[in-house]
2 protein chains.
Amino acid sequence: MIFTYMCQSCGCSFRSRDFGTIERFVEPCILLLLSKEPAHGYGLLEGLETHCGEKVDVGDLYRTLRRMERDGWVNSTWERKENQRDRRIYTITEEGRAFLKHAVASLRQTDELIHHLFSGYRKVYPEGKAL
Amino acid sequence: MIFTYMCQSCGCSFRSRDFGTIERFVEPCILLLLSKEPAHGYGLLEGLETHCGEKVDVGDLYRTLRRMERDGWVNSTWERKENQRDRRIYTITEEGRAFLKHAVASLRQTDELIHHLFSGYRKVYPEGKAL
DNA sequence: ACACATATATGTAAATATCATATATTAGTT
DNA sequence: AACTAATATATGATATTTACATATATGTGT
């Protein structure tokens with residue numbers, strides 16, 4: 001048995017990092033936030049924490065944004081203002097909106113798989129209605 | 001723009017592999033199947049394809065099973081029968097059931113995050129009821 | 001003898017996530 | 001003036017996870 005992780009929500013311990021994370025989930029979250037208004041990387045942090053359920057790694061965020069720009073999902077321009085450090089402002093593109101739409105559709109399938117697991121679990125482990 | 005992937009369900013294209021996959025989702029699926037009855041690796045393939053929504057890499061499956069045994073979630077014994085190749089039969093352990101329970105609880109949070117994204121998406125892109 | 005399905009397993013590379021660190025600017029404090 | 005902290009962007013190094021290919025062995029049918 002190699003248990004190295006202690007779960008904060010239910011107190012149980014298990015191997016490595018938290019379970020249930022969706023690969024690159026931060027990307028549609030970024031695109032949704034940028035759909036509302038352009039923003040700079042640091043300014044996205046708070047909204048992303050809400051959407052992702054935990055603090056987002058800042059370094060990862062910046063690297064992701066550059067990658068998304070390389071892939072054509074966002075554009076960026078430098079914003080220069082008095083009494084403020086230069087910020088790189090990101091704007092969503094049409095390709096970005098297309099991917100967001102796809103991601104949402106794809107996550108519906110993911111959602112179905114999760115609920116399929118839930119129903120299977122309930123059948124095998126009934127023990128009361130609440131879980 | 002670097003689009004290298006063509007989505008089979010909606011026809012759109014985007015970078016790298018399919019979106020929406022949950023890290024190590026195969027593990028609770030394996031544990032759920034083994035909760036019903038012991039099984040060998042190859043015999044799990046069909047059930048896992050249903051639960052995971054696509055074919056599971058066979059090599060990955062075997063490696064995952066050995067890792068889960070190392071972590072104490074399953075046990076294995078060799079089954080020897082006439083007219084049949086030796087099979088390694090896996091059985092779920094108490095630790096395995098504990099992790100499955102945790103995984104289900106954790107996936108409920110994942111589910112909430114997905115639906116939070118959905119509701120945010122609907123607000124920004126209303127366009128009709130159905131999506 | 002051959003092809004094919006079953007069955008288990010490993011090698012290698014790519015993609016992704018994590019943790020640490022570097023750099024620069026602004027605002028407030030001692 | 002020196003310091004501390006928050007803001008802001010970015011990279012280096014490592015670990016984890018996934019994907020794809022390959023190796024090996026057995027049983028079944030032709």
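Quick note on labels: first sequence line is chain A, next is B, and so on, each numbered from 1. When reading the values below, keep in mind they use all heavy atoms of this one structure, side chains included, and skip hydrogens, waters and symmetry mates.
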Nucleotide C/dA5, atom C1' - distance to NZ of B/Lys55 in whole Å: 13 Å

Between A/Lys81 and A/Val26, which residue's closest nucleotide on DNA chain C lies nearer the 5′ terminus? A/Val26

How long is the line joining CG of A/Leu45 and C1' of D/dA10, in whole Å? 14 Å

Using a cut-off of 4.0 Å on non-hydrogen atoms, how would the nucleic acid contact of B/Asn83 be classed: base, sugar-phosphate, or nothing? sugar-phosphate

Just by distance, do the side chain of A/Asp57 and the backbone of A/Gly59 share a donor-acceptor pair under 3.5 Å? yes

Please check if any side-chain donor atom of B/Arg97 sits under 3.5 Å from a side-chain acceptor atom of A/Tyr125, or the reverse. yes

Looking at the base of D/dA8, is there any donor atom on it, or on the side chain of A/Arg87, that sits under 3.5 Å from an acceptor on the other one? no

Between CZ of B/Arg70 and C1' of D/dT16 the distance, given in whole Å, is 12 Å

B/Phe19 has an atom CZ; how far is it from atom P of D/dA19, in whole Å? 14 Å

d(CD, B/Glu23; P, D/dT16) in whole Å: 12 Å

Kindly point out which of C/dT8, D/dT17, C/dT18 is positioned nearest to the side chain of B/Arg24? D/dT17

If you pin B/Arg63 and B/Tyr42 to their nearest nucleotides in DNA chain C, which one's is more 5'? B/Tyr42

Against the side chain of A/His40, the closest entry in D/dT9, D/dC20, D/dT17 is D/dT9

Is a salt bridge present between A/Arg67 and A/Glu27, judged by a nitrogen-to-oxygen distance below 4.0 Å? yes

Verify the contact: side-chain N or O of B/Arg88 to OP1 or OP2 of C/dA9, cut-off strictly under 4.0 Å; return yes or no. yes

Rounded to whole angstroms, how far apart are CD on A/Glu82 and P on C/dA27? 10 Å

Ignoring the backbone of A/Arg85, work out which of C/dA7, C/dT25, D/dT18 is nearest its side chain. C/dT25

A/Ser76 side chain to A/Tyr90 main-chain N or O, any donor-acceptor pair under 3.5 Å? no

Length of the CG-P vector between A/Leu61 and C/dA17, whole Å: 12 Å

Need one value for A/Gly59: base, sugar-phosphate or nothing, where a base atom within 4.0 Å counts as base even if backbone is also close, heavy atoms only. base

Answer yes or no on whether A/Arg108 is positioned over the face of B/Phe118, meaning its NZ or CZ is under 6.0 Å from the six-membered ring centre and within 45° of the axis. yes

d(CG, A/Asp57; P, D/dA8) in whole Å: 17 Å

Which residue lies toward the 5' end of DNA chain D, A/Asp86 or A/Asp60, if each is placed at its nearest nucleotide? A/Asp86

